[in-house]
Asker: 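I am attaching a structure below and will ask some questions about it afterwards.
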Amino acid sequence: MLSILTLNIQATSRRRADALLRWLTGRPEHILLLTETSSGDGTAHLLDHFRRAGYQVHHPPLPGDRGTAMISRIPTTARPDITAGLSIPGRAVAATVHTDPSVTVLGVYVPSSDRAPAKVERKRAFLTTLAGTLDRLPADERAHLVLGGDYNVIARDHQPAYPGVWLPFEYTLFDTLTAAGLTDAHTHLTPDVQRHSWFGRAGNGYRFDYLHVGTALRDHLHGGDYLQEPREQRLTDHAAVTLDLDLRVDALDVRPAPPVIEPATLF
């Protein structure tokens with residue numbers, strides 16, 4: 001069984017990083033997709049902990065901006081060729097995971113925007129180049145793709161609807177994913193349940209974080225969830241999203257869980 005978790009770590013400070021590590025090191029997933037990483041001490045401390053434990057860590061450099069990292073307990077091959085065509089390559093990370101069959105995992109942290117023209121165009125450019133990236137993937141690789149992360153958009157049928165908040169090109173992301181043959185894993189597994197992964201100050205819920213799978217993986221969907229613990233414990237302001245795929249993982253290739261950060265070292 002291949003398991004994947006994605007979580008926005010809110011550019012963790014060094015103070016929060018150990019608490020995040022305690023939670024993450026207690027998780028069983030093989031692949032961790034972390035979004036809103038930064039070049040600060042908190043992200044560096046968190047990723048170094050997994051590197052020292054022998055995990056594979058892919059974290060494209062993006063000085064002065066927020067990015068994405070992939071941490072893997074099983075063998076992977078980094079795929080910078082996939083992310084090179086994005087308008088901000090460091091906002092994404094990709095690797096081939098050596099399961100049976102192989103799976104390509106692409107994690108993205110879509111830029112956020114208000115109505116400021118520069119931010120709107122930055123987000124539009126990223127989503128446009130993401131569509132091109134998916135279109136250029138060979139058909140078989142796209143069929144074995146897992147796409148996940150913080151998309152910073154909601155679907156047209158999201159509840160609550162928040163009319164007037166989103167621009168048409170933002171909703172179009174989901175048309176792009178459908179055209180690429182990608183299925184929203186959690187809508188597929190629980191079609192009548194509205195998920196939320198971030199909450200505003202007034203308590204309004206938004207579903208910003210997702211995991212999508214290609215056509216060859218749809219029938220391998222085994223389970224998954226939206227985990228509110230990281231948000232409720234104030235480790236970050238997002239929920240985590242998990243996914244299980246019924247694919248063979250060689251037990252001999254799985255790294256053991258890294259050492260757990262003890263409570264006494266949290267601060």
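Counting begins at 1 with the first residue of the sequence.
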Asker: Indicate yes or no for a side-chain donor-acceptor contact from T6 to the backbone of L33 under 3.5 Å, with no hydrogens or angles considered.
Answerer: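 Answer holds: yes.
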Asker: Is it the case that over 12 heavy atoms from other parts of the model lie below 6.0 angstrom from the CG atom of D175?
Answerer: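 Enclosed: over 12 neighbouring heavy atoms sit under 6.0 Å from CG of D175.
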Asker: So, do F169 and V120 sit near enough that their side-chain heavy atoms are less than 4.5 Å apart?
Answerer: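 Sidechains of V120 and F169: in contact.
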Asker: Carefully, step by step, assess L221 and L243 under the rule side-chain contact (heavy atoms from CB on, under 4.5 Å).
Answerer: CA-CA 8 Å; L221 285 170; L243 177 63; 3.2 Å; yes
Asker: Please confirm whether R73 makes a cation-pi placement over Y55, using NZ or CZ under 6.0 Å from the six-membered ring centre and within 45° of the ring normal.
Answerer: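 No, R73 and Y55 do not form such a contact.
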Asker: Between R156 and Y171, is any side-chain donor less than 3.5 angstrom from a side-chain acceptor?
Answerer: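 No pair is found: no donor N or O on one side chain lies under 3.5 Å from an acceptor on the other.
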Asker: Can you give me the closest heavy-atom contact between G149 and T35, atom names plus distance?
Answerer: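 Minimum heavy-atom separation between G149 and T35: CA-CG2, 3.9 Å.
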Asker: Got a second to check how far T37's OG1 is from L62's CG, nearest 0.5 Å?
Answerer: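 Interatomic distance, T37 OG1 to L62 CG, rounded to 0.5 Å: 7.5 Å.
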Asker: Please work out whether the ring planes of Y226 and H186 are parallel, tilted or perpendicular, with thresholds of 30° and 60°.
Answerer: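 Answer is perpendicular, since the angle exceeds 60°.
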Asker: Taking all non-hydrogen atoms of both residues into account, name the closest pair between T76 and A95 and its distance.
Answerer: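 Looks like CB-CB, 4.0 Å.
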Asker: Ion pair present between R248 and D100, side-chain N to carboxylate O less than 4.0 angstrom?
Answerer: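 Judged by the 4.0 Å cut-off on N to carboxylate O distance, R248 and D100 do form a salt bridge.
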Asker: Walk me through it: do L227 and R27 pass the test side-chain contact (heavy atoms from CB on, under 4.5 Å)?
Answerer: CA-CA 11 Å; L227 308 178; R27 295 299 309 169; 3.5 Å; yes
Asker: Measuring only between side-chain heavy atoms, which start at C-beta, is V213 closer than 4.5 Å to L182?
Answerer: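 No - every pair of side-chain heavy atoms lies 4.5 Å or more apart.
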Asker: For the pair E36 (side chain) and R66 (backbone), establish whether a donor and an acceptor sit closer than 3.5 Å, ignoring hydrogens and angles.
Answerer: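 Side chain of E36 to backbone of R66: no pair is present.
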Asker: Looking at D237 and R231, does any basic side-chain N land under 4.0 Å from a carboxylate oxygen?
Answerer: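 Result for this pair is no, no salt bridge flagged.
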Asker: Would you confirm whether D246, through its side chain, and M1, through its main-chain N or O, come within 3.5 Å as a donor-acceptor pair?
Answerer: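 Not a single qualifying donor-acceptor pair exists.
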Asker: Could you check whether H30 and S3, counting side-chain N and O atoms only, form a donor-acceptor pair closer than 3.5 Å?
Answerer: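 H30 and S3 do have a side-chain donor-acceptor pair below 3.5 Å.
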Asker: Taking only residues at least two apart or on different chains, which pairs with a member in residues 209-229 satisfy salt bridge (Lys or Arg N to Asp or Glu O under 4.0 Å)?
Answerer: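 For residues 209-229: R195-D225.
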Asker: Say you draw a straight line from CG of L21 to CG of L46; how long is it, rounded to the nearest 0.5 Å?
Answerer: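 The CG atom of L21 sits 4.0 Å away from the CG atom of L46.
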Asker: Using atom types as modelled and distance alone, determine if a side-chain donor or acceptor of T68 lies under 3.5 Å from a backbone N or O of R91.
Answerer: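 Judged by distance alone, yes, a pair lies under 3.5 Å.
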Asker: State whether the side chain of T43 and the backbone N or O of S39 hold a donor-acceptor pair below 3.5 Å, judged by distance alone.
Answerer: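 Answer holds: no.
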Asker: Any salt bridge linking R142 with D135? Criterion: basic side-chain nitrogen under 4.0 Å from a carboxylate oxygen.
Answerer: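 No.
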Asker: With distance as the sole test, does T183 use its side chain to make a donor-acceptor pair with the main-chain N or O of A185 at under 3.5 Å?
Answerer: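 Between the backbone of A185 and the side chain of T183 there is no qualifying donor-acceptor contact (under 3.5 Å).
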Asker: Under 4.5 Å between any side-chain heavy atoms of L7 and D150, yes or no?
Answerer: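 Side chain of L7 against side chain of D150, heavy atoms only: no contact under 4.5 Å found.
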Asker: Is it the case that atom NE2 in H188 sees more than 12 heavy atoms from other parts of the structure closer than 6.0 Å?
Answerer: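 Yes, NE2 of H188 has more than 12 neighbouring heavy atoms, counting only those of other groups under 6.0 Å.
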Asker: Could you tell me whether E141 and R79 have a side-chain N and a carboxylate O separated by less than 4.0 Å?
Answerer: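 Salt bridge between E141 and R79, a charged N being under 4.0 Å from a carboxylate O: yes.
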Asker: For G85 versus T133, what's the shortest heavy-atom pair and its separation?
Answerer: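 Answer, listing the atom of G85 first, then T133: C-OG1, 4.3 Å.
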Asker: Between the side chains of D114 and K123, is the shortest nitrogen-to-carboxylate-oxygen separation below 4.0 Å, so that they form an ion pair?
Answerer: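 Not counted as a salt bridge, because no side-chain N and carboxylate O are separated by less than 4.0 Å.
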Asker: Ignoring hydrogens, what is the shortest heavy-atom contact between I88 and P111? Give both atom names and the distance.
Answerer: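 Looking at all heavy atoms of both residues, the closest pair is CD1-CG, 4.0 Å.
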Asker: Between H220 (side chain) and L247 (backbone), is there a donor-acceptor pair under 3.5 Å?
Answerer: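 No, the answer is negative, given that no donor and acceptor are paired below the 3.5 Å cut-off.
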Asker: Assess whether atom CZ of R234 is packed by more than 12 heavy atoms of other residues, nucleotides or ligands within 6.0 Å.
Answerer: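 Open: at most 12 neighbouring heavy atoms sit under 6.0 Å from CZ of R234.
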Asker: Can you pull out every salt bridge (Lys or Arg N to Asp or Glu O under 4.0 Å) where at least one residue sits in residues 50-63? Sequence neighbours excluded, please.
Answerer: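 Listed once each, the pairs are D48-R51.
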Asker: To the nearest 0.5 Å, tell me how far L24 CG sits from L34 CG.
Answerer: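 These two atoms lie 6.0 Å from each other.
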Asker: Taking the side chain as every heavy atom from C-beta outward, state whether L2 and D244 have any atom pair closer than 4.5 Å.
Answerer: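 In short, these two side chains do not touch, never coming nearer than 4.5 Å.
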Asker: Side chains of D18 and H45: do they bring a donor and an acceptor to under 3.5 Å?
Answerer: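 Yes, because at least one side-chain N or O of D18 sits under 3.5 Å from a partner of the opposite role on H45.
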Asker: Would you mind reporting whether H49 and T25 have side-chain heavy atoms less than 4.5 Å apart?
Answerer: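 A side-chain contact under 4.5 Å exists here.
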Asker: Tell me, with the steps shown, if V97 and I74 meet side-chain contact (heavy atoms from CB on, under 4.5 Å).
Answerer: CA-CA 7 Å; V97 183; I74 56 179; 3.3 Å; yes
Asker: Got a salt bridge between D81 and R136, using NZ or NE/NH1/NH2 to carboxylate O under 4.0 Å?
Answerer: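 A salt bridge is absent here (no side-chain N lies under 4.0 Å from a carboxylate O).
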Asker: Apply side-chain contact (heavy atoms from CB on, under 4.5 Å) to the pair L245 and H222, showing each step before the final yes or no.
Answerer: CA-CA 5 Å; L245 288 166; H222 183 75; over 6 Å; no
Asker: Between the side chain of R16 and the main-chain N/O of Q10, is any donor-acceptor distance below 3.5 Å?
Answerer: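 Yes; at least one donor-acceptor contact below 3.5 Å.
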Asker: Please collect all ring pair (Phe, Tyr, Trp, His ring centres under 6.0 Å) contacts where either partner lies in residues 99-153, sequence neighbours excluded, each pair once.
Answerer: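 Passing the test, one end in residues 99-153: Y151-Y210, Y151-H212.
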Asker: Please check if the side chain of T172 supplies one atom and the backbone of P168 the other of a donor-acceptor pair under 3.5 Å.
Answerer: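 Yes; at least one donor-acceptor contact below 3.5 Å.
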Asker: Looking only at heavy atoms, which two atoms of T96 and S102 are closest? And how far apart?
Answerer: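 So the minimum-distance heavy-atom pair works out to CG2-CB, 4.1 Å.
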Asker: Counting C-beta onward and ignoring hydrogens, is there a side-chain heavy-atom pair between L127 and T176 closer than 4.5 Å?
Answerer: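 A side-chain contact is absent here, since even the closest heavy-atom pair is not under 4.5 Å.
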Asker: Parallel, tilted or perpendicular for F199 and H196, by the 30°/60° rule?
Answerer: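 Answer is perpendicular, since the angle exceeds 60°.
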Asker: Output the distance between atom CG (L130) and atom CG (L106), rounded to the nearest 0.5 Å.
Answerer: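 So the CG of L130 and the CG of L106 are separated by 6.5 Å.
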Asker: Decide yes or no for I82 and T104: does some side-chain heavy atom of the first lie under 4.5 Å from some side-chain heavy atom of the second?
Answerer: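 Touching, per the 4.5 Å side-chain cut-off.
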Asker: What distance separates S113 OG from R124 CZ, expressed to the nearest 0.5 Å?
Answerer: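 Separation between the atoms: 9.5 Å.
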Asker: Which atom pair, heavy atoms only, marks the closest approach of Q194 to D157?
Answerer: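 Closest pair (atom of Q194, atom of D157, distance): OE1-O, 4.2 Å.
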Asker: Between the main-chain N or O of S87 and the side-chain N or O of T129, is there a donor-acceptor pair closer than 3.5 Å?
Answerer: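 Yes, T129 side chain to S87 backbone: donor-acceptor pair under 3.5 Å.
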Asker: Find out whether L147 and V108 are in side-chain contact, i.e. whether some heavy atom of one side chain is under 4.5 Å from a heavy atom of the other.
Answerer: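 Yes - at least one pair of side-chain heavy atoms lies under 4.5 Å apart.
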Asker: OG1/T242 to CD1/I31 distance, rounded to the nearest 0.5 angstrom?
Answerer: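 One finds 14.0 Å between OG1 of T242 and CD1 of I31.
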Asker: Transitively linked via ILVMFWY side-chain contacts under 4.5 Å: I154 with V165?
Answerer: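 Same cluster: I154 reaches V165 through Ile, Leu, Val, Met, Phe, Trp or Tyr contacts under 4.5 Å.
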